[in-house]
Amino acid sequence: MTEVPALEVRNLSITFDQRRGPLPAIRDVSFAIARGEILGVVGESGAGKSLTGSALIGLLQAPGRISQGQILLAGERIDDLPKDAQRRLRGKRIGAIFQDPLTSLDPLMTVGDQLTETIRTHLPLGRAEAKARALSLLAEVGIADPANRFGQYPHQFSGGMRQRIVIALAIAAEPDVIIADEPTTALDVSIQAQILALLRRLAKERGTAIMLVTHDMGVIAEIADRVAVMYAGRVVEIGPVEQVVHAARHPYTAGLMSLIPSIRHRAERLPQISGAMPRLGHWPGGCSFHPRCPHAGPRCTSEVPAFTPVGAARVACHLSDGGTTLSPTE
Ligand code: SF4
């Protein structure tokens with residue numbers, strides 16, 4: 001029997017209701033994340049990655065709304081739950097980590113109190129037990145001397161340490177899933193690597209499923225198991241990170257790959273992506289990537305490409321049934 005995914009998104013569409021009519025922002029997005037797996041979701045700014053993450057955490061703001069599709073947590077549908085039930089799930093079964101740790105931390109509360117409060121909100125523990133758990137979480141995320149640091153305020157920690165505290169908060173109630181939205185973008189490169197290693201360890205040791213949203217293909221190549229590439233509100237390629245990084249089939253993915261420093265020398269024949277992601281509401285018809293695509297043909301302007309299985313990946317491009325490989329061979 002196949003294991004039920006920790007998180008599954010089925011045909012999700014998000015629409016912004018405008019005076020001129022509904023504006024599609026996420027279009028028919030589907031993916032699943034297994035226990036202990038890290039799915040990287042990558043694409044340029046405006047592709048819809050963070051919006052998808054917000055919908056999963058239940059933080060979608062009006063005028064945005066889910067106009068189609070389902071979100072399932074361990075096989076149970078959660079998108080149709082009442083708002084207060086969604087709020088209860090958030091923090092308990094779905095943890096969140098954002099780019100700026102200060103948005104998740106209260107500057108006026110000690111980190112110990114914040115952790116203890118979060119733990120007691122979600123778990124039936126007394127004050128002493130919650131404190132013991134908070135101390136062990138601080139140690140687990142790599143805060144040295146947790147007993148002393150328990151009573152300190154967020155401003156007494158460095159950026160990397162604050163992000164570790166946010167991670168401790170996110171895992172405080174043993175969530176099934178963590179949505180990490182650009183968790184390392186604001187950090188120095190050396191700290192970035194430590195935080196990524198910490199997320200990887202949490203996924204493997206605790207079995208937490210992680211959706212890692214980033215614009216940085218290098219981050220994905222480093223820690224993700226699978227990757228979903230988004231463009232103009234759609235997933236255009238999804239598959240195991242090894243295959244997508246080293247044998248990208250979608251021209252947009254191939255362009256993103258050429259931006260990873262470690263594979264750049266092997267990527268000389270990959271097309272660079274010219275132009276910019278079109279603005280919401282100005283997405284071209286057919287394949288929305290066609291104005292920027294060096295391979296665009298007549299079908300591309302009128303026909304939305306369906307997903308085609310290619311090895312262990314799925315690719316939405318009219319080229320992919322023709323067998324063209326866009327990445328260099330080693
Ligand atoms: Fe390029 Fe056409 Fe493929 Fe879109 S469908 S990525 S325009 S070749």
Side-chain angles (χ1 to χ4, degrees), residues 9 11-14 23-31 39-52 68-69 213-218 220-221 224 226-260 263-264 266-329:
V9 173
N11 308 104
L12 181 72
S13 293
I14 295 174
L23 205 60
I26 297 296
R27 307 184 283 179
D28 205 18
V29 162
S30 296
F31 58 80
L39 176 75
V41 179
V42 72
E44 290 163 286
S45 172
K49 320 176 292 290
S50 295
L51 195 58
T52 305
Q68 178 198 293
V213 173
T214 177
H215 67 282
D216 186 341
M217 204 68 203
I220 298 282
R226 286 187 307 125
V227 53
V229 181
M230 288 191 74
Y231 189 84
R234 290 189 198 278
V235 172
V236 296
E237 181 159 8
I238 181 166
V241 77
E242 268 298 302
Q243 181 180 335
V244 175
V245 167
H246 295 292
R249 297 297 291 259
H250 194 283
Y252 179 61
T253 315
L256 288 180
M257 292 310 138
S258 67
L259 304 176
I260 303 180
I263 67 164
R264 195 176 285 147
R266 290 190 276 116
E268 276 150 19
R269 285 186 288 131
L270 292 182
Q272 299 289 322
I273 315 170
S274 59
M277 168 90 62
R279 280 186 302 120
L280 186 65
H282 295 80
W283 289 341
C287 170
S288 292
F289 187 56
H290 77 255
R292 302 172 74 188
C293 180
H295 305 278
R299 276 172 83 196
C300 304
T301 55
S302 57
E303 204 180 310
V304 178
F307 272 109
T308 308
V310 181
R314 289 183 299 134
V315 184
C317 170
H318 292 310
L319 284 180
S320 37
D321 45 15
T324 314
T325 298
L326 296 166
S327 66
T329 49

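Everything numeric here is computed off the predicted structure, so don't read it as measured data. One-based numbering, in listed order, for ligands and for the atoms of each.
Among Cys300, Pro305, Pro291, the residue whose heavy atom lies nearest to atom 7 (S) of ligand 1 is Cys300.
Listed by number with element, the atoms of ligand 1 under 4.0 Å from a non-hydrogen atom of His250 are 6 (S). Within the listing of ligand 1, atoms 1 (Fe), 6 (S), 7 (S), 8 (S) sit less than 4.0 angstrom from a heavy atom of Cys293.
The shortest non-hydrogen separation linking Gln243 to Val310 is NE2-O, 2.7 Å. Of all non-hydrogen atoms in Tyr252 and Met277, the two that sit nearest each other are OH-CE, 4.2 Å. When all heavy atoms of Asp28 and Gln68 are compared, the pair lying nearest together is OD1-NE2, 3.5 Å. The two residues Val304 and Gly286 have their closest heavy-atom pair at CG2-O, 3.6 Å.
Among the atoms of Cys317, an N, O or S atom is found under 2.8 Å from atom 3 (Fe) of ligand 1. At a cut-off of 2.8 Å, Cys287 coordinates atom 4 (Fe) of ligand 1 through an N, O or S atom. For residue His290, no N/O/S atom approaches atom 1 (Fe) of ligand 1 to within less than 2.8 Å.
Between His318 atom NE2 and Cys300 atom SG the span is 5.0 Å, to the nearest 0.5 Å.
Regarding atom 5 (S) of ligand 1, its nearest protein heavy-atom neighbour is His318 N, 3.3 Å.
Ring-plane geometry between Tyr231 and Phe289 is classed as perpendicular, the angle between the planes exceeding 60 degrees on a 0 to 90 degree scale with a lower cut at 30.
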